[in-house]
Participant: 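I am attaching a structure below and will ask some questions about it afterwards.
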Amino acid sequence: QVQLVESGGGSVQAGGSLRLSCAAAGYIYSNYMGWFRQAPGKEREGVAAIYTGGGVIDYTYYPDSVKGRFTISQGNAKNTVYLQMNSLKPEDTAMYYCAAARASQLLSRRGMLDSNEYNYWGQGTQVTVSS
């Protein structure tokens, strides 16, 4: 059974930074990977996604809430991604999940941040930002 394993969460003061890592434990074919978060009482939301299908496309997408503060990147190993989070705010506090998608066609920007498009999920890593 394939798992995605996240690491790097923790507690930080507002304005600080954290870097999350995600790697697949096992082989999967995916052409998108993303980071999602869910705070207590709120719906899961996508915060970053990247096209990992190869070729000349180097495509990332972020919602306005994190644009300019969060950066998703691929690792050298297949199905490895990172999320660099800078200028963290208390409202960024949530459980963060890594996900991988095996999309049959190119996803729209909205689709890249749609959890329904993703087939594989990690267990999550907690990020807590204090004011």
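Just the heavy atoms: all of them, side chains too, but no hydrogens, waters or symmetry mates, feed the values below.
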Participant: Taking all atoms of both residues into account, what is the closest heavy-atom pair of L20 and T125, and its distance?
Facilitator: CD2-CG2, 4.0 Å
Participant: How far does CD of E43 sit from CZ of R37, to the nearest 0.5 angstrom?
Facilitator: 13.5 Å
Participant: Do L18 and V127 come close enough that some side-chain heavy atom pair is under 4.5 Å?
Facilitator: yes
Participant: Ignoring hydrogens, what is the shortest heavy-atom contact between T80 and A23? Give both atom names and the distance.
Facilitator: OG1-CB, 4.0 Å
Participant: Nearest 0.5 Å please: distance from the CG atom of L113 over to the CZ atom of R44.
Facilitator: 13.5 Å
Participant: Between OG1 of T71 and CG of N86, what distance do you get to the nearest 0.5 Å?
Facilitator: 6.5 Å
Participant: Answer whether the closest heavy-atom distance between the side chains of Y59 and M112 falls below 4.5 Å.
Facilitator: yes
Participant: Would the distance check show the side chain of N119 and the main-chain N or O of R102 forming a donor-acceptor pair, the cut-off being under 3.5 Å?
Facilitator: yes
Participant: Report the distance from atom CG of N79 to atom CD1 of I28, rounding to the nearest 0.5 Å.
Facilitator: 4.0 Å
Participant: Counting C-beta onward and ignoring hydrogens, is there a side-chain heavy-atom pair between I72 and W35 closer than 4.5 Å?
Facilitator: yes
Participant: Is Q38 close to Y96 at the side-chain level, that is, under 4.5 Å between some pair of heavy atoms?
Facilitator: no
Participant: When rounded to the nearest 0.5 angstrom, what distance separates OG1 in T60 from NZ in K67?
Facilitator: 9.5 Å
Participant: Looking at V47 and L83, what are the two nearest heavy atoms and their distance?
Facilitator: CG2-CD2, 4.2 Å
Participant: Assess the residue pair M85 and V12 against the criterion (side chain to side chain contact (heavy atoms under 4.5 Å, CB included)); give the C-alpha distance rounded to whole Å, side-chain angles, the decisive distance to 0.1 Å, and a yes or no.
Facilitator: CA-CA 11 Å; M85 304 185 294; V12 64; over 6 Å; no
Participant: Under the side chain to side chain contact (heavy atoms under 4.5 Å, CB included) criterion, do Y61 and I50 qualify, and how do the steps go?
Facilitator: CA-CA 7 Å; Y61 187 60; I50 186 168; over 6 Å; no
Participant: Could you walk me through whether Y62 and R109 satisfy the side-chain hydrogen bond (donor to acceptor under 3.5 Å, both in side chains) test, starting with their C-alpha distance in whole Å, then the side-chain angles of each, then the deciding distance to 0.1 Å, before giving a yes or no?
Facilitator: CA-CA 9 Å; Y62 310 88; R109 291 182 175 182; over 6 Å; no
Participant: Taking the side chain as C-beta and beyond, is there a heavy-atom pair between V81 and S73 under 4.5 Å?
Facilitator: no
Participant: Do Y120 and M33 have side chains that approach each other closer than 4.5 Å (heavy atoms only, starting at C-beta)?
Facilitator: no
Participant: The criterion is salt bridge (charged side-chain N to carboxylate O under 4.0 Å, His left out); which residues satisfy it with R69, sequence neighbours excluded?
Facilitator: D92
Participant: Between Y118 and F36, how do the two ring planes meet: parallel, tilted or perpendicular, split at 30° and 60°?
Facilitator: perpendicular
Participant: Looking at every non-hydrogen atom in both residues, tell me the closest pair between S130 and P90 and how far apart they are.
Facilitator: C-CG, 4.5 Å
Participant: Would you please say whether a donor-acceptor pair under 3.5 Å links the side chains of N31 and T52?
Facilitator: no
Participant: Side chains of Y32 and E117: does their closest heavy-atom pair fall under 4.5 Å?
Facilitator: no
Participant: Which pair of non-hydrogen atoms, one from A94 and one from A39, has the smallest distance, and what is that distance?
Facilitator: CB-N, 3.8 Å
Participant: Please name the pair of heavy atoms, one in A48 and one in P63, separated by the smallest distance, quoted to 0.1 Å.
Facilitator: N-CD, 4.5 Å
Participant: Which pairs pass disulfide (SG to SG under 2.5 Å) with one or both residues in residues 79-131, sequence neighbours excluded?
Facilitator: C22-C98
Participant: If you round to the nearest 0.5 Å, how far is OG of S65 from CD of E91?
Facilitator: 9.5 Å
Participant: With no hydrogens and no angle check, is any side-chain donor or acceptor of E6 less than 3.5 Å from a backbone partner on S21?
Facilitator: no
Participant: Does atom CD of Q123 have more than 12 heavy-atom neighbours, drawn from other residues, nucleotides or ligands, at distances under 6.0 Å?
Facilitator: no
